[in-house]
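Residues take their numbers from the sequence shown, with the count starting at 1. Computed from a predicted structure; not experimentally measured.
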Amino acid sequence: MAAQFFRDRRTWLVRNFCAPVYEWFLTDAINAGLIDAPGFFNDPVKRAAWLGAQWIGPARIILDPLKEWKAETEAVNLGARTIEQVIIERGGDDFEQTTAQRAREHTARAAAKLEPEVLAPSGMGSRVNEDIEQKGDGTDKPKPKKAEKKQ
């Protein structure tokens, strides 16, 4: 698939060209006094923080977003793909940062009563409340769908 080929080429370009050139550029700018970066040369953690750039290329064009997201959700639920793979492919974002941001958003939205504190399991979506009826004995049974009459 062409998309996979270009994604692999972009990854190679970032690792072998963009990241090293950025490090050289930043090192020269710090040495020239253009950027004040205390600990850049002495502390590997600070150096990694300064060099922690994300190289995000253009996302793949999506012709029918709803169908593609449903397919990605199903692939994740079946174990054919990981959530991290989907996040990177769709926007090039970092999985840990995206997950932490999503957790912050969920906490804020739950506190404002905009969404439930406990979200439905992945792949269930809104069907949890629509298709399952709670019985008094604590068991879950599927609720039969009402047949529509044709006129």
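Taking the side chain to side chain contact (heavy atoms under 4.5 Å, CB included) definition, one finds that Phe17 meets it with Leu13, Val21, sequence neighbours left out. Every side chain to side chain contact (heavy atoms under 4.5 Å, CB included) that Leu51 has, sequence neighbours left out, goes to Tyr22, Glu23, Leu26, Phe40, Arg47. Among residues two or more places apart in sequence or in another chain, the side chain to side chain contact (heavy atoms under 4.5 Å, CB included) test is passed with Asp64 by Leu66, Lys67. For the side chain to side chain contact (heavy atoms under 4.5 Å, CB included) test, residues two or more places apart in sequence or in another chain that qualify with Thr98 are Ile87, Asp93. Listed by chain and residue number, nothing satisfies the salt bridge (charged side-chain N to carboxylate O under 4.0 Å, His left out) test with Glu74 (two or more places apart in sequence, or in another chain).
Counting heavy atoms from C-beta outward, Val86 and Trp69 have side chains that approach closer than 4.5 Å.
Other residues, nucleotides and ligands contribute only 12 or fewer heavy atoms inside 6.0 Å of the CZ atom of Phe25. Remark: Arg102 CZ is packed, more than 12 non-hydrogen atoms of other residues, nucleotides or ligands lying under 6.0 Å away.
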Side chain to side chain donor-acceptor pair (under 3.5 Å) assessment of Gln101 paired with Gln97: CA-CA 6 Å; Gln101 177 64 29; Gln97 289 177 348; over 6 Å; no
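The main-chain N or O of Thr82 is found under 3.5 Å from a side-chain atom of Gln85 such that the two form a donor-acceptor pair.
Residue pairs meeting the salt bridge (charged side-chain N to carboxylate O under 4.0 Å, His left out) criterion with at least one partner in residues 75-87, sequence neighbours excluded, are Glu72-Arg81, Arg81-Glu89. Applying the salt bridge (charged side-chain N to carboxylate O under 4.0 Å, His left out) test to every pair with at least one member in residues 25-45, sequence neighbours left out, gives no pairs at all.
Between Ala37 and Ile30, the closest heavy-atom pair is CB-CD1, 3.6 Å.
Think of Val45 as one node in a network of Ile, Leu, Val, Met, Phe, Trp and Tyr side chains linked at under 4.5 Å; it has no links at all.
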Just list the side-chain donor-acceptor pairs under 3.5 Å for residues 107-119, sequence neighbours left out, or say none.
from	atom 1	to	atom 2	distance (Å)
Thr107	OG1	Ala103	O	2.9
Arg109	NE	Glu115	OE1	2.9
Glu115	OE2	His106	ND1	2.3

